[in-house]
Chemist: 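Before I ask anything, let me first share the structure, which is written out below as structure tokens.
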Amino acid sequence: MVMKKKLVSILLCLGLIGSLAGCQTASEKKSAEGAAQAESTGGGTFTATQEQLDTMPEETIGEEGEFEGMKMAFSQRNIAGSEWYEQLVKVAEKEAEYLGIDLTVYDGGDDITQQMSDIETAVNMQVDAIIVNPKESAGLLPAIEKVHSAGIPLTVVNSAMDESAAPFTFVSADVENSGYQAGFELAKAFDEKNGWQDSVKALVLSAAAQETESDLRRWGEIMGYNDYMLEKYGKSNLDIVAYQYYNWQPEPAMTVTQDVLQANPDLDIIFCACDGGCQGVISALESSGKLGDIMITSIDGRKSVLKWIKDGDKGVVATVANDPRIMGKWAVYLAAQQASGVSTPSTFYVPNTCYTAANVDEIYDPDSAY
């Protein structure tokens, strides 16, 4: 599906690979087992068991009461208005309760100043571990310095933190590769439907400015699209007519898409950095009478977007798994391991399977919470 060099890079990644809703392929399991073994060297180093890697998204890991009495803080960048963030926090709280951890969740309200204050409050509370989903990759560095000065183990989840904030364990998906898969599948779907076109007009919806997470998704999507075209035709026809931010929320994505459509009624494709943005795009296309005419690719693997791919009537051709539930529980569990003196990997990647019409039935569950 993707270039051989990309597949090789996935297999060589240093992060541990988890399991998503029981749909892990044999190759993914082999990769996960190898990663787990790679982390097992040396005394006091965390090693994930295959049983833990195979748990369902909302299934707990570890032993009940394993970290009884531990105090932990979770600084979440924002909660309100995001199904993704809600699920991240919900399952993190469930995992903490199961493990016996007293978890305090702070909602930064999408305000970098508030999130810095939340982290400093957690430091003053002398918690045993801190989890941060940062609003900005580098904006929290002054607060993170206080975390390290206090000797509190740090776990970063979902959004990338600037490397100067190390040491920390980063729990996420390989989002650049996720973008690559999404972009590659968009190019493939467009080509299969239309054949070569000298110019394919595109809207790029990048989630947020000054965020590494957002940048990596965008770079990956564009790279994937171009690689498909270069492999098949020796040249690319991508014509980016607009590039907009939408702050990870459906409403801003809807607004900017409507604006771009007014200026570019002949738009062909849309790259979405996340499924929340994709939801806003669908609303904009509905109101503009263009639903199904423009092809869309995205990242997250939400139930609603999987349904659109399954139905095939809204133009969504692909989304890549980026499950907040898996990230939430592993962030808590790995933070607890750190607090108990166990060495944890610098990067822990959860699965990022790409879903299209060809395989969406393997994962789509109308009763899923996400």
Side-chain angles (χ1 to χ4, degrees), residues 62 66-172 207-214 247-249 324-325 327-342 344 346 348:
E66 184 176 353
F67 300 101
E68 191 71 43
M70 183 176 289
K71 293 183 178 180
M72 189 179 297
F74 186 164
S75 172
Q76 168 59 24
R77 54 186 294 166
N78 184 50
I79 299 177
S82 171
E83 176 189 10
W84 202 98
Y85 291 153
E86 290 171 358
Q87 288 295 322
L88 176 72
V89 171
K90 176 184 176 182
V91 178
E93 290 175 327
K94 178 181 178 181
E95 179 69 23
E97 181 179 3
Y98 174 77
L99 296 173
I101 297 170
D102 180 6
L103 177 66
T104 301
V105 175
Y106 296 92
D107 182 358
D110 208 32
D111 183 326
I112 189 68
T113 302
Q114 181 60 53
Q115 189 170 29
M116 288 184 65
S117 177
D118 292 341
I119 294 171
E120 292 170 0
T121 297
V123 171
N124 293 334
M125 288 176 59
Q126 299 181 330
V127 295
D128 299 302
I130 292 177
I131 302 170
V132 177
N133 183 10
K135 174 173 171 57
E136 295 179 8
S137 302
L140 295 175
L141 290 177
I144 297 303
E145 288 180 5
K146 296 181 180 180
V147 174
H148 290 315
S149 294
I152 301 174
L154 175 65
T155 298
V156 177
V157 65
N158 173 226
S159 298
M161 184 80 79
D162 190 277
E163 292 181 0
S164 62
F168 56 80
T169 287
F170 181 41
V171 180
S172 187
Q210 299 181 337
E211 280 196 35
T212 301
E213 172 86 6
S214 180
N247 201 31
W248 304 99
Q249 300 293 330
R325 298 168 296 178
M327 290 187 204
K329 70 179 182 181
W330 275 106
V332 169
Y333 189 65
L334 290 172
Q337 292 286 346
Q338 285 193 77
S340 64
V342 175
T344 56
S346 60
F348 186 103

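Hydrogens, waters and symmetry mates play no part in the numbers below; they use all other heavy atoms, side chains included.
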Chemist: Once you round to the nearest 0.5 Å, how far does NZ of K329 lie from CG of L334?
Modeler: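 These two atoms lie 11.5 Å from each other.
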Chemist: Quick one, Q87 and M327 - any side-chain contact, counting heavy atoms below 4.5 Å?
Modeler: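 Not touching, per the 4.5 Å side-chain cut-off.
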Chemist: Going by atom types alone, do Q114 and D118 pair a side-chain donor with an acceptor below 3.5 Å?
Modeler: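 Yes - a donor-acceptor pair under 3.5 Å links their side chains.
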Chemist: Just verifying a value: how many Å separate I119 CD1 and F74 CZ, rounded to the nearest 0.5 Å?
Modeler: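 Result: 11.0 Å between the selected atoms.
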Chemist: Less than 4.5 Å apart, side chain to side chain, heavy atoms only: is that true for I79 and V105?
Modeler: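 The answer is yes, as the side chains (C-beta and beyond) meet within the 4.5 Å cut-off.
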Chemist: Nearest 0.5 Å please: distance from the CE atom of M116 over to the CG atom of D111.
Modeler: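 With rounding to 0.5 Å, CE (M116) is 11.0 Å from CG (D111).
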Chemist: Return yes if some donor-acceptor pair links the side-chain N/O of S137 with the main-chain N/O of T212 below 3.5 Å, else return no.
Modeler: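 The answer is yes, because a donor-acceptor pair under 3.5 Å joins these two groups.
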Chemist: Do any pairs count as a salt bridge (charged side-chain N to carboxylate O under 4.0 Å, His left out) and have a residue in residues 75-99, sequence neighbours left out, and if so which ones?
Modeler: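 Every salt bridge (charged side-chain N to carboxylate O under 4.0 Å, His left out) pair that includes a residue of residues 75-99, provided the two are not neighbours, is R77-E211, E83-R302.
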Chemist: Examine the side chains of S159 and N133 and answer whether a donor and an acceptor come within less than 3.5 Å of each other.
Modeler: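 Yes, a side-chain donor-acceptor pair sits under 3.5 Å.
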Chemist: Taking atom OG1 of T104 and atom CD1 of I131, what is their separation to the nearest 0.5 Å?
Modeler: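 Taking OG1 in T104 and CD1 in I131, the distance rounds to 11.0 Å.
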Chemist: If I take atom CD from residue Q115 and atom CG from residue D110, how far apart are they, to the nearest 0.5 angstrom?
Modeler: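 So the gap between those two atoms works out to 9.5 Å.
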Chemist: For residues K135 and N247, determine if any side-chain heavy atom of one lies less than 4.5 Å from a side-chain heavy atom of the other.
Modeler: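 Side chain of K135 against side chain of N247, heavy atoms only: contact under 4.5 Å found.
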Chemist: Given side chains that start at C-beta, do those of W84 and W248 come closer than 4.5 Å, heavy atoms only?
Modeler: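 A side-chain contact is absent here, since even the closest heavy-atom pair is not under 4.5 Å.
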Chemist: Please assess Q76 against Y85 for the test side chain to side chain contact (heavy atoms under 4.5 Å, CB included), listing each intermediate value before the final yes or no.
Modeler: CA-CA 8 Å; Q76 168 59 24; Y85 291 153; 3.2 Å; yes
Chemist: Holding to side-chain hydrogen bond (donor to acceptor under 3.5 Å, both in side chains), I want the full list of residues that pass it with S172, two or more places apart in sequence or in another chain.
Modeler: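 Testing S172 for side-chain hydrogen bond (donor to acceptor under 3.5 Å, both in side chains), a comparison that skips the adjacent residues, returns none.
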Chemist: Ignoring hydrogens and angles, tell me if any N or O in the side chain of D128 forms a donor-acceptor pair with the backbone of M72 under 3.5 Å.
Modeler: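 Not a single qualifying donor-acceptor pair exists.
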Chemist: For a 4.5 angstrom cut-off between non-hydrogen side-chain atoms, does F168 reach V147?
Modeler: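 Not touching, per the 4.5 Å side-chain cut-off.
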Chemist: Rounded to the nearest 0.5 Å, what separates atom CG in N158 from atom CD in E213?
Modeler: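 It comes to 5.0 Å.
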